[in-house]
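Here the structure is a predicted model, which is why all the values come from computation and not from measurement. Per chain, numbering begins at 1; letters A, B, ... match sequence-line order.
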2 protein chains.
Amino acid sequence: MMMDQSCPGKVEPILEILDGKWMLILLFELFNGNKRFGELRRKLHPISPKTLTDRLRLLEEKGIVTRTIYPGVPLHVEYDLTESGRGLQPIFEAMWTWTQSYGAYLRNETNEGEEAGKVM
Amino acid sequence: MMMDQSCPGKVEPILEILDGKWMLILLFELFNGNKRFGELRRKLHPISPKTLTDRLRLLEEKGIVTRTIYPGVPLHVEYDLTESGRGLQPIFEAMWTWTQSYGAYLRNETNEGEEAGKVM
DNA sequence: TGCAATAGTTTCAAAAAATGAACTATGGAG
DNA sequence: CTCCATAGTTCATTTTTTGAAACTATTGCA
């Protein structure tokens, strides 16, 4: 595997899927088997229905999820990962692994003490 | 590896690193060995210097990069990945792998023809 | 006909993010 | 004491994103 100069350009399209508020956490929920609109909305609370719709439509456009309407009482809709959607799983596994190794050390403070970087 | 219900919450901190415009592509550049401010700025063109500074400062706060000033003529600054920063690499490798498998099928069209999802 | 439940849409305002242009700082060479 | 190159900063403005609130649509049962 090479991540040479040409790589970033080629990976750009995946940024459209993963970048932006809610996208990663939404995909997590889909991997965890949460498929229905209301279900996702509850898990991602306090996401607004508009924003959730926007995100799901984007994933649909990109071929990551399918949208299936189940008529009935009450009617409901399920979002399923496509093959390429499921193919994202190794990315999420790598994130999980990273979190286990380094997540605890993530700094959040405003770092009031030191300012600029070190000088050589 | 398990990605159960509790996982999304625990992975949240990594979203602060990867989410948002420029972050993924910026980290790519750092992996590719581009370290200096101007270098990154050129690669990420047309990013504004302010935005680039903001991103680099965030990564510094999170402990992903260090900032080192090299006095001299002209002076320059290098941004280096920390251990936890380098630890992000498997995530990027997974993205690259995904792109090789599915990137070509990413749809971009407005999908004028069909509208809603299929009905069961 | 009215109601309950799901899954949205619409509208408009608010908040956040990104940008452009111009300016500051540093330090040695000439 | 001016110039060059690097690496920023500052401020005002624009653009994008997000959000809340209220409304629509569908279905079948009572």
Side-chain angles (χ1 to χ4, degrees), chain A residues 12 15-26 29-30 34-62 65-80 110-111 114-120, chain B residues 12 15-27 29-30 33-62 65-80 110-111 114-120:
Chain A
E12 253 185 25
L15 307 189
E16 295 170 32
I17 297 169
L18 300 180
D19 248 23
K21 196 170 175 183
W22 302 114
M23 289 308 267
L24 294 182
I25 194 81
L26 170 56
E29 293 302 333
L30 291 168
N34 299 309
K35 299 179 164 187
R36 293 169 57 155
F37 186 87
E39 202 168 29
L40 294 167
R41 187 177 175 185
R42 278 188 296 279
K43 294 285 185 179
L44 274 63
H45 182 270
I47 196 175
S48 72
K50 174 181 180 302
T51 303
L52 181 53
T53 300
D54 289 349
R55 294 303 181 279
L56 288 167
R57 291 291 181 281
L58 173 64
L59 292 177
E60 217 188 333
E61 273 174 22
K62 298 292 176 183
V65 303
T66 58
R67 177 172 177 273
T68 308
I69 301 166
Y70 291 84
V73 179
L75 108 168
H76 74 275
V77 175
E78 287 195 0
Y79 294 91
D80 288 280
T110 326
N111 286 342
E114 51 190 328
E115 282 289 287
K118 61 176 177 293
V119 180
M120 296 303 282
Chain B
E12 251 185 27
L15 307 190
E16 295 170 32
I17 298 169
L18 301 179
D19 249 21
K21 195 170 175 183
W22 302 115
M23 288 308 266
L24 294 182
I25 194 82
L26 169 57
L27 285 163
E29 294 301 334
L30 290 168
N34 299 311
K35 300 179 165 189
R36 291 168 58 155
F37 187 88
E39 203 168 29
L40 294 167
R41 186 179 175 184
R42 279 187 296 279
K43 293 287 184 176
L44 273 61
H45 183 273
I47 195 173
S48 72
K50 177 181 182 300
T51 303
L52 181 53
T53 301
D54 288 349
R55 293 303 179 279
L56 289 168
R57 292 291 181 280
L58 174 64
L59 292 178
E60 217 186 335
E61 273 174 21
K62 299 290 176 185
V65 303
T66 58
R67 176 172 178 275
T68 307
I69 301 166
Y70 292 84
V73 179
L75 108 169
H76 74 276
V77 175
E78 287 196 0
Y79 293 90
D80 288 280
T110 327
N111 284 339
E114 48 189 329
E115 281 287 288
K118 60 176 178 290
V119 180
M120 297 302 282

Task: N/O (side chain, A:Arg36) to phosphate O (OP1/OP2, C:dA7) under 4.0 Å - done: yes
Task: CD1 on B:Ile17 to NZ on B:Lys62, rounded to 0.5 Å - done: 7.0 Å
Task: Whole angstrom value for the distance that separates C1' of C:dA17 from CG of B:Leu44 - done: 16 Å
Open item on the list: Please encode protein proximity along nucleotides 21-30 of chain C as a string of B, S and -, counting only heavy-atom distances under 4.0 Å.
Closed with: -------S--
Open item on the list: Mind checking if A:Tyr79 touches a base, just sugar-phosphate, or nothing, with heavy atoms under 4.0 Å?
Closed with: sugar-phosphate
TODO: Report yes if at least one side-chain N or O of B:Arg57 is closer than 4.0 Å to OP1 or OP2 of D:dA7; otherwise report no.
DONE: no
- [ ] Starting from C1' on C:dG8, measure out to CG on A:Leu40 and report it in whole angstrom.
- [x] 13 Å
TODO: Calculate the interatomic distance between B:Leu52 atom CG and C:dA17 atom P; express it in whole Å.
DONE: 17 Å
Task: Audit row: B:Thr51, B:Lys21, side chain to side chain contact (heavy atoms under 4.5 Å, CB included) steps and yes/no - done: CA-CA 10 Å; B:Thr51 303; B:Lys21 195 170 175 183; over 6 Å; no
Open item on the list: As a quick check of understanding, evaluate side chain to side chain contact (heavy atoms under 4.5 Å, CB included) for A:Leu52 and A:Leu40, giving each step before the final call.
Closed with: CA-CA 8 Å; A:Leu52 181 53; A:Leu40 294 167; 4.1 Å; yes
Open item on the list: Nearest whole Å is fine: how far is D:dT16 C1' from A:Asp54 CG?
Closed with: 12 Å
Task: Whole angstrom value for the distance that separates P of C:dA7 from CG of A:Leu56 - done: 11 Å
Open item on the list: Nearest heavy atom decides the nucleotide; on that basis, is B:Arg41 or A:Ser48 closer to the 5' end of DNA chain D?
Closed with: B:Arg41
- [ ] Look at B:Arg67 and D:dA7 and indicate whether a side-chain polar atom (N or O) is within less than 4.0 Å of OP1 or OP2.
- [x] no
Open item on the list: Would you compute the distance between atom CG of B:Leu26 and atom NZ of B:Lys43 and round it to the nearest 0.5 angstrom?
Closed with: 13.0 Å
Task: Nearest-angstrom distance from the residue atom CH2 of A:Trp22 to C1' of D:dT17 - done: 13 Å
Open item on the list: Can you give me the closest heavy-atom contact between B:Phe37 and B:Pro49, atom names plus distance?
Closed with: CZ-O, 3.8 Å
Task: Value rounded to 0.5 Å, distance of CG in B:Leu15 from CE in A:Met23 - done: 12.5 Å
TODO: Drop me the distance from A:Glu29's CD to A:Tyr79's OH, to the nearest 0.5 angstrom.
DONE: 15.0 Å
- [ ] To the nearest Å, give me how far apart CE (A:Met23) and C1' (D:dT17) are.
- [x] 13 Å
- [ ] Please state how far atom CG in A:Leu58 lies from atom P in D:dT17, giving the value in whole angstrom units.
- [x] 10 Å
Task: Any B:Thr53 side-chain nitrogen or oxygen under 4.0 Å from OP1 or OP2 of D:dA7 - done: no
